[in-house]
Amino acid sequence: MKVLLINGSPNAKGCTYTALCEVAKELESENIETEIFQVGKEPIRGCTACRTCVRTKSGKCTFNDDPVNTAIEKAAEADGFVFGSPVHYAGASGQITSFLDRVFYAAGKNFAYKPGAAIVSCRRGGATAAFDQLNKYFTISNMPIVSSQYWNMVHGNTPEEVKQDLEGMQTMRTLGKNMAWLLKCIQAGKMAGVSLPVCEPRVVTNFIR
Ligand SMILES: Cc1cc2nc3c(=O)[nH]c(=O)nc-3n(C[C@H](O)[C@H](O)[C@H](O)COP(=O)(O)O)c2cc1C
């Protein structure tokens, strides 16, 4: 089993990375493979609403000049996800927002019925708003959400400060343990013959009449 952890910070080895590593360490100790995927520093185009992915049912974004399609391919193989972001102006970073908008619009099916968790890192404030924002991708995509003993946040401006946030770091370890447990439950369910829910044909009403 494998968990893909996406770092939505422009700082490859910063605070968000430090928190993601704590989750990953716990998953690895439960024999679950992990990969930390960096969204990176280069500009990530936002969704242009061209709807080419919907029209062609390609399962990919039509723009191939950034890591979006690579992440989509990796998501198809992964069993669980952790999305990490620094808090920027009391929301998730611009990078991860543009990135996840395109990943999910083109390939939300690669995530369905697989557990997800969001984590955020901030200096001082805005963590719960950013956390709520990231959780929205899961709740529109048929994904079970993994929680921890507190909302999944760490505080600090540097990795060293984040490591001093003992409660935040424990929250990350608990999250890793809880995700490992849920992944094992899902696997055990599959082996016992529990099948995925059968979806009704999708009803889409653009406004309520
Ligand atoms: C553009 C920008 C906006 C920020 N906005 C906030 C904020 O609203 N609240 C906060 O507590 N920290 C804010 N910060 C600080 C970062 O969230 C914090 O340092 C975070 O831990 C950095 O994580 P990273 O090292 O993974 O990038 C901001 C930083 C930047 C660069």
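Keep in mind that this is a model prediction, so the values were computed, not measured. Counting starts at 1 for both ligands and their atoms, in listed order.
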Nearest to [atom], what protein heavy atom do you find, and at what distance?
| atom | answer |
| --- | --- |
| atom 22 (C) of ligand 1 | Pro86 CB, 3.8 Å |
| atom 12 (N) of ligand 1 | Arg123 N, 3.4 Å |
| atom 25 (O) of ligand 1 | Cys15 N, 2.8 Å |
| atom 29 (C) of ligand 1 | His88 CD2, 3.6 Å |
| atom 8 (O) of ligand 1 | Ala90 N, 2.9 Å |
| atom 10 (C) of ligand 1 | Gly125 O, 3.3 Å |

For [X], atoms of ligand 1 separated by under 4.0 Å from a heavy atom:
| X | value |
| --- | --- |
| Arg124 | 10 (C), 11 (O) |
| Asn11 | 24 (P), 25 (O), 27 (O) |
| Tyr89 | 1 (C), 3 (C), 4 (C), 5 (N), 6 (C), 7 (C), 8 (O) |
| Thr16 | 23 (O), 24 (P), 26 (O) |
| Gly156 | 18 (C), 19 (O), 20 (C), 21 (O) |

Task: For atom 21 (O) of ligand 1, the option (of Gly126, Ser121, Gly14, Gly91) bearing the nearest heavy atom - done: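 That would be Ser121.
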
Open item on the list: My understanding is that we take every heavy atom of each candidate and find the minimum distance to atom 13 (C) of ligand 1. Doing that for Val87, Val162, Thr158, Asn157, which one comes out nearest?
Closed with: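 Going through Val87, Val162, Thr158, Asn157 one by one, Val87 has the nearest heavy atom to atom 13 (C) of ligand 1.
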
Open item on the list: Salt bridge check, Glu35 against Lys2: does any charged N sit closer than 4.0 Å to a carboxylate O?
Closed with: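 Salt bridge between Lys2 and Glu35, a charged N being under 4.0 Å from a carboxylate O: yes.
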
TODO: Output yes when Glu28 and Lys25 qualify as a salt bridge under the 4.0 Å nitrogen-oxygen rule, no when they do not.
DONE: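 Answer for the salt bridge query: no.
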
TODO: Please check if the distance between the ring centroids of Phe81 and Phe138 is under 6.0 Å.
DONE: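 No, the ring centres sit 6.0 Å or more apart.
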
Open item on the list: Has Ser93 got a side-chain atom pairing as donor or acceptor with Ser85's backbone, closer than 3.5 angstrom?
Closed with: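 It does not hold such a pair.
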
Open item on the list: Just to be sure I read this right, does ligand 1 sit under 4.0 Å from the backbone of Ser9, its side chain, both, or neither, counting only heavy atoms?
Closed with: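 Only the side chain of Ser9 comes within reach of ligand 1.
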
So does [X] have more than 12 non-hydrogen atoms from other groups sitting under 6.0 Å from [atom1]?
| X | atom1 | result |
| --- | --- | --- |
| Tyr113 | OH | yes |
| Lys184 | NZ | yes |
| Ile145 | CD1 | yes |
| Lys13 | NZ | no |

Open item on the list: If only side-chain N and O atoms count, and only distance matters, is there a donor-acceptor pair under 3.5 Å linking Gln133 with Thr97?
Closed with: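 Present: a donor and an acceptor within the cut-off.
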
